Visitor: 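Encoded as structure tokens, here's the structure I'll be asking about.
To find a chain, count down the sequence lines: A is the first, B the second, and so on, and within it residues start at 1. What you see is a predicted model; the values in this text were computed from it and never measured.
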Protein chains: 2
Amino acid sequence: MGFAETFKALGDPVRREILVMLKFGKMSAGEIASKFDLTQASVSYHLSQLKKAELIRENKQKNFIYYELNASVFEEVMLWLSQFGGTQNEK
Amino acid sequence: MGFAETFKALGDPVRREILVMLKFGKMSAGEIASKFDLTQASVSYHLSQLKKAELIRENKQKNFIYYELNASVFEEVMLWLSQFGGTQNEK
DNA sequence: CGCCTATTTAGAAATATTTCTAAACAGATG
DNA sequence: CATCTGTTTAGAAATATTTCTAAATAGGCG
């Protein structure tokens with residue numbers, strides 16, 4: 001799977017904010033970019049990092065590219081983290 | 001809390017390996033360093049990053065510094081991740 | 001086809017991270 | 001106290017990441 005890429009992707013505040021935005025539904029690259037004070041090219045770079053980490057999926061329609069969350073990788077990350085006792089078991 | 005630091009800390013493979021080692025019990029800085037092909041100074045740097053992220057705690061004894069996991073921050077990270085549907089609910 | 005519109009790619013500059021070597025520090029011990 | 005052991009800190013070099021501007025691509029539309 002590649003935890004390195006996943007955690008690196010999650011390490012950036014812009015990328016975490018993109019993920020939070022996508023919780024409320026899919027958005028096009030342009031819509032996402034408009035929420036940040038960054039060029040579209042920079043936001044495109046962040047989207048590519050999130051996609052590489054498989055935290056989001058893209059889906060082309062007309063000449064828009066829509067992005068949406070990919071819940072399964074979040075699950076895998078949580079599973080990995082749970083090995084450190086991060087649930088409400090012990091204590 | 002500071003998810004930026006936490007995820008950045010988790011993004012490095014050496015640091016993830018340190019965390020996995022600490023699952024089996026506390027270890028001194030020297031013991032940890034001996035498991036890597038890196039100088040002690042470099043491993044010390046990684047330990048400082050993990051400590052800054054509060055993923056580990058230190059505990060001095062004699063002239064050794066022992067490191068151990070801090071489960072509570074793992075919990076917070078999992079909680080944050082769960083907002084993205086990363087548990088076995090929906091579907 | 002020729003041209004919009006939405007988005008990405010390339011390449012460069014700025015910034016941050018990782019690693020090393022050398023030096024410093026802190027506590028125990030002879 | 002002088003020194004040894006375990007570890008960190010400082011500073012520099014190597015590498016990676018983030019951002020920008022400018023150019024390229026891709027698909028739909030008149």
Visitor: Parallel, tilted or perpendicular: which describes the rings of B:Trp80 and B:Phe3, with under 30° parallel and over 60° perpendicular?
Guide: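 B:Trp80 vs B:Phe3 ring planes: tilted.
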
Visitor: What pair of heavy atoms forms the shortest contact from B:Ala53 to B:Thr6, and how long is it?
Guide: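 Closest pair (atom of B:Ala53, atom of B:Thr6, distance): CB-CA, 3.8 Å.
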
Visitor: B:Gln40 and B:Ala33: which non-hydrogen atoms are nearest, and at how many Å?
Guide: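 Distance-wise, the nearest heavy atoms are OE1-CB, 3.5 Å.
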
Visitor: What parts of residues 17-29 of chain A reach DNA chain C, counting only heavy atoms under 4.0 Å away?
Guide: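 Listed by number, they are A:Ser28, A:Ala29.
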
Visitor: How close do B:Asn59 and B:Glu68 get, counting heavy atoms only, and between which atoms?
Guide: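 For B:Asn59 and B:Glu68, the tightest heavy-atom pair comes out as CB-OE2, 4.4 Å.
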
Visitor: Counting only side-chain nitrogens and oxygens, does B:Tyr67 get under 4.0 Å of the OP1 or OP2 atom of D:dT8?
Guide: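 So the side-chain polar atoms of B:Tyr67 do come within 4.0 Å of the phosphate oxygens OP1 or OP2 of D:dT8, strictly under.
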
Visitor: Assign each of B:Ala41 and A:Val14 to its nearest nucleotide of DNA chain D by heavy atoms, then name whichever residue's nucleotide is nearer the 5' end.
Guide: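 Checking each residue's closest nucleotide, the 5'-ward one belongs to B:Ala41.
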
Visitor: Write down the distance between CD (A:Glu58) and C1' (C:dT9), rounded to a whole number of angstrom.
Guide: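 Going from CD in A:Glu58 over to C1' in C:dT9 covers 14 Å.
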
Visitor: Nearest-Å distance, CG (B:Asp12) to C1' (D:dT15)?
Guide: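 So the CG-C1' distance, B:Asp12 to D:dT15, works out to 13 Å.
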
Visitor: Might you point out which heavy atoms bring B:Ser28 and B:Phe64 nearest each other, and give the distance in Å?
Guide: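 Looks like CB-CD2, 4.0 Å.
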
Visitor: Would you tell me if any nitrogen or oxygen in the side chain of B:Lys62 comes within less than 4.0 Å of OP1 or OP2 on C:dT29?
Guide: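 Indeed, a polar side-chain atom of B:Lys62 lies that close.
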
Visitor: Can you measure B:Lys60 atom NZ to C:dA26 atom P for me and round it to whole angstrom units?
Guide: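 Nearest whole value for this atom pair: 9 Å.
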
Visitor: Would you say A:Val20 ends up clustered with A:Val77 if hydrophobic residues are merged whenever their side chains have heavy atoms under 4.5 Å apart, either directly or through other cluster members?
Guide: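 Yes: a chain of side-chain contacts under 4.5 Å links A:Val77 to A:Val20.
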
Visitor: Any side-chain N or O of B:Lys8 less than 4.0 Å from the OP1 or OP2 oxygen of C:dT17?
Guide: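 So the side chain of B:Lys8 is within the cut-off, an N or O lying under 4.0 Å from OP1 or OP2 of C:dT17.
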
Visitor: Select one nucleotide: of D:dT9, D:dG27, C:dT7, the one nearest the side-chain heavy atoms of A:Asn63.
Guide: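 Between D:dT9, D:dG27, C:dT7, the one nearest the side chain of A:Asn63 would be D:dG27.
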
Visitor: Quick one: A:Gln61 CD to D:dA26 C1', roughly how many Å, whole number?
Guide: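 A:Gln61 atom CD is separated from D:dA26 atom C1' by 16 Å.
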
Visitor: Please report the distance, rounded to the nearest Å, between CG in A:Leu47 and C1' in C:dT7.
Guide: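 These atoms are roughly 10 Å apart.
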
Visitor: Name the residue closer to the 5' end of DNA chain C, choosing between B:Tyr45 and B:Gln40 according to the nucleotide with the nearest heavy atom.
Guide: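 It is B:Tyr45 whose nearest nucleotide is closer to the 5' end.
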
Visitor: Heavy atoms, side chains only, cut-off 4.5 Å: are B:Phe74 and B:Leu19 in contact?
Guide: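 They are in contact (side-chain heavy atoms under 4.5 Å apart), so the answer is yes.
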
Visitor: Between B:Phe64 (CZ) and C:dA26 (P), how many Å, whole number?
Guide: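 In whole Å, C:dA26 P lies 18 Å from B:Phe64 CZ.
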
Visitor: If the cut-off is 4.0 Å, is B:Ser42 near the phosphate of C:dT19, judged by side-chain N/O to OP1 or OP2?
Guide: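 Indeed not, no polar side-chain atom of B:Ser42 lies that close.
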
Visitor: Give a yes/no on whether any side-chain N or O of B:His46 is located under 4.0 angstrom from OP1 or OP2 of C:dT19.
Guide: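 B:His46 to C:dT19 OP1/OP2: side-chain N or O found under 4.0 Å.
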
Visitor: Find the distance B:Glu31:CD to D:dT5:P and express it as a whole number of Å.
Guide: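 Value for this atom pair: 17 Å.
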
Visitor: Mind calculating the distance between CG (A:Leu38) and C1' (C:dA14) to the nearest angstrom?
Guide: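 Taking atom C1' of C:dA14 as the reference, CG of A:Leu38 is at 14 Å.
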
Visitor: Under 4.0 Å from OP1 or OP2 of C:dC20: is there any side-chain N or O of B:Thr39 that close?
Guide: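 For C:dC20, OP1/OP2 do have a side-chain N/O of B:Thr39 under 4.0 Å.
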
